[in-house]
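First comes the structure, then the notes that go with it.
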Amino acid sequence: MAYTPFDLTGKVSLITGGNRGIGLGMADALAQAGSDIVIWGSNAERNAEAEEKLKAHGVRVMIQTVDVGDEDQVVAGMAQAEAAMGRLDTVIANAGIGRGAASFHEMSTDIWRQNMRVNLDGAFWTLREACKSMVKRARAGDPGGSLAATASLGALQGAARNQAYTATKGALIPMIKGIAVEYARYNMRANAILPGWVATDMTGGLQTFDKFNENVIGRVPSKRWGQPEEFGGIAVYLASNASSFHTGDVLLIDGGYSCY
Ligand code: NAD
């Protein structure tokens with residue numbers, strides 16, 4: 001008999017912030033592994049571009065323009081996705097923004113709130129609504145589901161001028177662990193993914209900044225930026241039956257940056 005736990009045929013995965021960067025890298029791999037896909041993004045044009053790319057893998061694809069910082073949109077969006085796709089097996093709260101300041105003592109309350117709104121409120125509402133859907137399914141006799149949040153290496157390390165962003169990412173870890181403990185009885189699991197430095201729109205300015213490449217990327221053992229598609233493997237693993245006993249974990253994918 002063949003070993004096929006990574007075959008995601010029949011499963012449905014929803015990825016917030018799935019139209020670009022790390023989220024699209026995850027969605028693309030999930031689709032290649034056979035999962036039907038729902039992506040959320042705040043930009044309809046970018047959602048449509050991602051839809052074309054994902055449909056080429058022959059799976060069902062649903063795109064939704066949802067601002068994760070708006071509770072009503074998240075609640076309605078999750079209900080619509082569940083109704084249209086029939087079920088939700090994997091939900092990855094990945095949407096995020098990174099707003100910093102010239103210095104911590106000059107950081108405005110507005111910057112603080114912008115980060116909180118998308119990265120923390122958004123993940124809370126996304127994961128809460130996903131739990132509702134999965135618990136309802138479990139109580140109807142079909143338990144299971146995988147939840148994940150994209151946090152950051154910044155949850156563990158000090159990041160000057162970015163304390164609002166890293167505070168949101170740090171907070172995701174206990175939220176995920178609490179979900180893992182509370183919902184294990186429904187055969188649901190929850191894990192946090194912590195990317196290191198990845199070449200996406202979010203880090204666009206830094207990628208061409210020589211001093212940053214020298215001082216920071218030069219300290220990654222492979223001396224290069226991570227690529228969005230390098231987060232496909234962890235998404236497929238966490239969505240698959242191969243991770244059935246893996247929950248409450250913090251998965252650091254940083255090319256070895258933090259151990260150097
Ligand atoms: P990105 O800018 O390429 O993608 C961000 C995604 O989030 C986009 O799809 C965007 O549409 C979506 N988004 C932003 N605000 C939203 C909102 N209000 N509602 C719905 N969607 C929204 O950046 P990325 O690097 O791919 O970031 C993905 C995640 O990875 C983020 O949570 C980010 O904090 C995290 N992360 C990135 C890095 C990195 O080096 N790039 C490192 C650590 C963690």
Side-chain angles (χ1 to χ4, degrees), residues 14-28 37-51 53-54 63-78 81 91-100 113-127 129 148-157 159 162 164-173 175-176 192-207 209 212-213 216-217 220 224-232 234-235 250-255 257-258:
L14 184 153
I15 304 99
T16 73
N19 64 17
R20 303 286 273 200
I22 292 171
L24 183 56
M26 291 173 165
D28 195 63
I37 303 288
V38 181
I39 54 170
W40 287 5
S42 42
N43 182 312
E45 218 168 279
R46 289 179 177 180
N47 285 348
E49 283 168 24
E51 183 184 26
K53 184 177 158 84
L54 296 168
I63 51 170
Q64 291 176 279
T65 303
V66 174
D67 174 359
V68 297
D70 181 316
E71 183 175 10
D72 292 343
Q73 289 188 35
V74 173
V75 171
M78 196 71 73
V91 173
I92 307 179
N94 166 78
I97 57 166
R99 302 271 191 275
R113 298 234 185 280
Q114 284 181 37
N115 283 284
M116 291 292 154
R117 177 183 181 278
V118 177
N119 300 357
L120 196 50
D121 293 355
F124 163 57
W125 291 321
T126 300
L127 295 169
E129 294 309 302
T150 307
S152 169
L153 172 63
L156 308 177
Q157 293 194 331
N162 277 290
Y165 172 76
T166 54
T168 64
K169 297 301 184 178
L172 288 175
I173 295 175
M175 195 197 302
I176 279 289
I193 300 165
L194 276 58
W197 293 104
V198 186
T200 65
D201 290 353
M202 184 178 275
T203 53
L206 294 171
Q207 289 165 46
F209 185 19
F212 185 86
N213 280 315
V216 178
I217 301 305
V220 179
R224 69 168 177 86
W225 286 84
Q227 298 301 318
E229 55 272 19
E230 293 182 301
F231 289 82
I234 192 65
V250 174
L251 300 150
L252 181 61
I253 301 183
D254 68 349
Y257 178 77
S258 56

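Predicted, not measured: the structure shown is a model, and the values here were computed from it. Position 1 is the first residue of the sequence, and the numbers go up from there. Indexing begins at 1, ligand by ligand and atom by atom, following the structure's order.
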*Could you find the nearest protein heavy atom to atom 24 (P) of ligand 1 and give me its residue, atom name and distance?*
Thr200 OG1, 3.5 Å
*From OG1 (Thr168) to CD (Gln114), nearest 0.5 Å*: 12.0 Å
*What part of Lys169, side chain from CB on, backbone N/CA/C/O, both or neither, has a heavy atom under 4.0 Å from ligand 1?*
side chain
*Could you tell me whether Ile22 approaches ligand 1 through its side chain, its backbone, both or neither, with non-hydrogen atoms closer than 4.0 Å?*
both
*Write out the residue and atom name of the closest protein heavy atom to atom 18 (N) of ligand 1, then the distance separating them to 0.1 Å.*
Asp67 OD1, 2.9 Å
_Please compare Thr168, Leu172, Asn94, Val74 and report which has the shortest non-hydrogen distance to atom 32 (O) of ligand 1._
Asn94
*Taking heavy atoms and a distance under 4.0 Å, where does Val198 meet ligand 1: side chain, backbone, both or neither?*
both
_With respect to Val118, determine whether any N or O atom, backbone or side chain, lies less than 3.5 Å from an N or O atom of ligand 1._
no
_Against ligand 1, does Ala151 come closer than 4.0 Å with any heavy atom?_
yes
_Using a 4.0 Å heavy-atom cut-off, which part of Leu24 comes near ligand 1: side chain, backbone, both, or neither?_
neither
*Can you tell me which residue and heavy atom of the protein come closest to atom 30 (O) of ligand 1, and the distance to 0.1 Å?*
Thr150 CG2, 3.3 Å
_From CD1 (Ile234) to CD1 (Ile22), nearest 0.5 Å_ = 12.5 Å
*asked:* If we set the cut-off at 4.0 Å for heavy atoms, which region of Trp40 has an atom near ligand 1: side chain, backbone, both, or neither?
replied: neither
*Ala199, Gly77, Gly196: member with heavy atom nearest to atom 42 (C) of ligand 1*: Gly196
*Considering only non-hydrogen protein atoms, determine which one is nearest to atom 27 (O) of ligand 1 and report residue, atom name and distance to 0.1 Å.*
Met202 CE, 4.0 Å
*Any Tyr165 heavy atom less than 4.0 Å from ligand 1*: yes
*Consider only side-chain N and O atoms of Asn213 and Trp225, and report whether a donor and an acceptor are under 3.5 Å apart.*
yes
*Tell me which part of Pro228 gets within contact of ligand 1: side chain, backbone, both or neither, using heavy atoms under 4.0 Å.*
neither
_Tell me the protein heavy atom at minimum distance from atom 13 (N) of ligand 1, and give that distance in Å._
Ala95 CB, 4.0 Å
_When you compare ligand 1 with Gly17, is there at least one nitrogen or oxygen pair between them that comes in under 3.5 angstrom?_
yes
*asked:* Among all the protein's non-hydrogen atoms, which is closest to atom 9 (O) of ligand 1, and how far away is it?
replied: Asn19 OD1, 2.5 Å
*In the protein, what heavy atom is nearest to atom 20 (C) of ligand 1, and what distance, to one decimal place, separates them?*
Val66 O, 3.1 Å
_For the CH2 atom of Trp125 and the CG atom of Asp70, what is their distance to the nearest 0.5 Å?_
7.0 Å
*Which atom names give the shortest non-hydrogen contact between Asn115 and Ala164, and what distance separates them?*
ND2-CB, 3.6 Å
*Shortest protein heavy-atom distance from atom 16 (C) of ligand 1, along with the residue and atom involved*: Ser42 OG, 3.7 Å
